[in-house]
Amino acid sequence: MSKRDYYDVLGVAKGASADEIKKGYRKKAKELHPDRNADNPDAEAQFKEANEAYEVLKDADKKAAYDRYGHAAFENGMGGGGGHPGGGFHGQGDFGSAFSDVFDDLFGDFMGGQRGGGGRSRAARGADLRYNLRVTLEEAYAGLQKTINVPTSVSCDSCDGSGAEGGAEPTTCPTCSGMGKVRAQQGFFTVERPCPTCSGMGQIIQNPCKSCGGQGRVHKDRALAVNIPAGVETGTRIRLAGEGEAGMRGGPSGDLYIFIEVDAHKIFEREGTNLFCRVPVAMTTATMGGDIEVPTIDGGRSRVKIPSGSQSGRQMRLRSKGMPALRGGPAGDMFIELAVETPVNLTSRQKELLKEFEELSEENNPQSSSFFSSVKNFWDSMKG
């Protein structure tokens, strides 16, 4: 299969300038890169073809040879193929060199690079911080404003966050020319590493600020007033934008994430927005029915009617007496579970009445007037 014309491969006219050739290759490389064409099986071959064409046309000697002899210039040892065994051009062998010429243009967005004036702005964003905050169930119910102390890094007042003494501007790093990274050719690949001179910042400070040592920030405890909304639960995360660590050399601050942990309650258990609790009920009330008062999470009390004949474990619902919903919606319910109490420390008379109650129950004669009389006497003695 005959090779395509290199100028056609790059989409430029014959006699195009070096800048036009580079722009043409940059466009083709972006268009054909395999990472952007996972569903196109021909993209890789076309990408390598563009690399081969650019490797020839970017070199003045190779380009002159190609313009005169075409592809034959690189066959059988002809042409200016310096650097290759036998003198011929081997196409993909110089892929790393060709591709590195436009590496920043292809991947600058992913690497965070911005060219401008021979350098780049390398101000680094501050780190995000996490703060664990414990609250009571009552506080989670009502919501609150709480002041917390956060150890963090804040912008240096002495240098206004620049890191330079006296407000001087940082200078472009001479090692990486402001790129913040250096390249090394390793066979087929071009490997990039952070610049050792500027630690990847792209700039160096000739006269560092004495207060922050050129970092542009200092460590300090900050007091922050935090609004905790009603309805939070363990695991709720609250984000405070810009309240994390200050950025390096004037970079933007990170965020502060507050993770809520709700303490266990001595009465209530929580499931979502619903609350559960066990309520002791006297045996007399459970048997004959009556009213009791139960505590609620808002600090008040609610009256609950206990039906006669209630047993331990019976569950009753108090609607809308649970927790509020964090993101709106109806409040949860409160569920109470009855725990019938067995009387202790009985007097002799109370024991006699209970014995009589047992005997009458065994006779299975609930309509007997003596039965009801005995039961009444027993309850009266209990109340006394």
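- Heavy-atom neighbours of E293 CD from other residues, nucleotides or ligands within 6.0 Å: above the threshold of 12.
- Remark: the backbone N or O of A246 is paired with a side-chain donor or acceptor of R217 at under 3.5 angstrom.
- Side-chain atoms of H219 and P151, non-hydrogen and from C-beta on, never get closer than 4.5 Å to each other.
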| field | Verdict with reasoning, R349 to E352, per salt bridge (charged side-chain N to carboxylate O under 4.0 Å, His left out) | value | CA-CA 5 Å; R349 178 57 180 159; E352 291 176 2; 3.3 Å; yes
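- With contacts defined as side-chain heavy-atom distances shorter than 4.5 Å, the pair E138/I297 qualifies.
- Members clustered with V191: none, using a 4.5 Å side-chain heavy-atom cutoff among hydrophobic residues.
- Nearest heavy atoms, L256 versus I148: CD2-CD1, 4.5 Å.
- With a 4.5 Å cut-off on side-chain heavy atoms, D263 and L137 do not count as touching.
- Side-chain contact between Y131 and N149 is absent, with no heavy atoms from C-beta onward closer than 4.5 Å.
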| request: Could you walk me through whether D19 and R26 pass salt bridge (charged side-chain N to carboxylate O under 4.0 Å, His left out), step by step? | output: CA-CA 10 Å; D19 284 342; R26 181 188 305 137; over 6 Å; no
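- Residues K48 and E52 are not in side-chain contact: their nearest non-hydrogen atoms beyond the backbone lie 4.5 Å or more apart.
- Sparse packing is recorded around CD of E269, with 12 or fewer heavy atoms of other residues, nucleotides or ligands lying under 6.0 Å away.
- The shortest heavy-atom contact between A223 and T147 is CB-CG2, 4.2 Å.
- Closest approach of L318 and V304 over heavy atoms only: CD2-CG2, 3.9 Å.
- Residues P343 and T284 are not in side-chain contact: their nearest non-hydrogen atoms beyond the backbone lie 4.5 Å or more apart.
- Remark: side-chain polar atoms of R193 are not paired, donor with acceptor, to backbone N or O of C195 under 3.5 angstrom.
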| request: Go through I336 and M334 one step at a time and tell me if the side-chain contact (heavy atoms from CB on, under 4.5 Å) criterion holds. | output: CA-CA 7 Å; I336 62 173; M334 174 177 162; 3.7 Å; yes
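- Ring-plane geometry between Y54 and Y25 is classed as parallel, the angle between the planes falling under 30 degrees on a 0 to 90 degree scale with a further cut at 60.
- To the nearest 0.5 Å, atoms CD1 (I21) and CG (D59) are separated by 10.5 Å.
- For the 3.5 Å distance criterion, the side chains of Y6 and D67 fail to qualify, holding no donor opposite an acceptor.
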| request: Mind running side-chain contact (heavy atoms from CB on, under 4.5 Å) on L133 and I228 for me, showing each step along the way? | output: CA-CA 10 Å; L133 180 61; I228 308 299; 3.7 Å; yes
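- The heavy-atom pair separating D333 from R319 by the smallest distance is OD1-CA, 3.3 Å.
- Other residues, nucleotides and ligands contribute at most 12 non-hydrogen atoms within 6.0 Å of the CG atom of D157.
- The minimum heavy-atom distance between I267 and C277, with the atom names listed, is O-CB, 3.6 Å.
- In this structure, the separation between OG1 on T152 and CD on E243 is 9.0 Å, given to the nearest 0.5 Å.
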| Going through the distances and angles, do M323 and L275 end up as a side-chain contact (heavy atoms from CB on, under 4.5 Å)? | CA-CA 7 Å; M323 299 292 291; L275 294 177; 3.8 Å; yes
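- Remark: of the listed residues K3, K28, R4, R4 is the sole one forming a side-chain hydrogen bond (donor to acceptor under 3.5 Å, both in side chains) with E49.
- Contact of the T136 side chain with the Y141 side chain is not registered, since no non-hydrogen atoms from C-beta on lie closer than 4.5 Å.
- Through direct or relayed side-chain contacts under 4.5 Å between Ile, Leu, Val, Met, Phe, Trp and Tyr, F276 connects to F335.
- The pair K355-E358 meets the salt-bridge criterion, since a charged nitrogen lies less than 4.0 angstrom from a carboxylate oxygen.
- For the pair T273 and P330, the minimum side-chain heavy-atom distance is 4.5 Å or more.
- Atom CD of Q145 has more than 12 neighbouring heavy atoms from other residues, nucleotides or ligands inside a 6.0 Å radius.
- F268 is linked by a ring pair (Phe, Tyr, Trp, His ring centres under 6.0 Å) to H265, counting only residues two or more places apart in sequence or in another chain.
- Between V340 and M283, the shortest heavy-atom distance links the atoms CG1-CA, 3.9 Å.
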